[in-house]
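One structure, pasted below without further comment.
Treat the numbers as computed from the prediction; the structure is a model and nothing was measured. In each ligand, atom 1 is the first atom listed, and ligand 1 is the first ligand listed.
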Amino acid sequence: MRTAVYPGSFDPVTMGHLDIINRSALLVDKLIVGVLNNNSKSPLFSVNERVNMLKEVTKDIPNVEVMSFSGLLVDFLKELDAKIVIRGLRAVTDFEYELQMSQTNRLLDNSIDTIFLNTNLKYSYLSSSVVREVARYGGDISKFVPEQVISRVYEKCGVNKEIIR
Ligand code: ADP
């Protein structure tokens, strides 16, 4: 059984994340989306809210499961008996950090490999922070996040969706 973990903050899940989830789920037997519970960041959504949104938007993909984790990614993989990490690459700016993380993870556990999927060109500009920023000022996020997520982002940002253009 080939199990992979796609870790991230997903604050909130975007169309770019969902594209990576759909594509990587085809490559493995089981894909665990790992939502990082990171105390040093102050996220817009709580970890439970992020997990629930991801569960909703992935409910029709049979081999995907969503879980939260804290601590080291390599320990989370060990618990799941998984050897593969999935990460998305949008641009060269992602590359340096991603390479450093994957090298570090391999030093911590040399049975682990990271598979990088290039972004879908449609979403190459897209990040959770862009979504939060646009929503905060009442901009249209309907092309950025799955439908079920749109109103929750506005609500969290204290924006009345009646006035959204
Ligand atoms: P993190 O805080 O770990 O960077 P994110 O939720 O921002 O978590 O992203 C998780 C993963 O998804 C990262 O590998 C990131 O590069 C990738 N990712 C984010 N947005 C996109 C996108 N638009 N296209 C492809 N990959 C993406």
Closest heavy-atom pair and its distance - G16, L126
N-CD2, 3.9 Å
Test: D113 and R106 ion pair at under 4.0 Å:
yes
Salt bridge (charged side-chain N to carboxylate O under 4.0 Å, His left out) between R152 and E49, worked out:
CA-CA 10 Å; R152 281 182 238 181; E49 290 170 324; over 6 Å; no
List in chain and number order the residues that pass salt bridge (charged side-chain N to carboxylate O under 4.0 Å, His left out) with D94, two or more places apart in sequence or in another chain; answer none if no residue qualifies.
R90
Any idea which residues sit under 4.0 Å from ligand 1, heavy-atom distances?
Y6, P7, G8, S9, F10, G16, H17, I20, K41, R87, G88, R90, D94, E98, T119, Y123, L126
Is the shortest heavy-atom distance from the side chain of T58 to the side chain of L18 under 4.5 Å?
yes
Is there a chain of hydrophobic side chains (I, L, V, M, F, W, Y, each step under 4.5 Å between heavy atoms) that links L36 to F116?
no
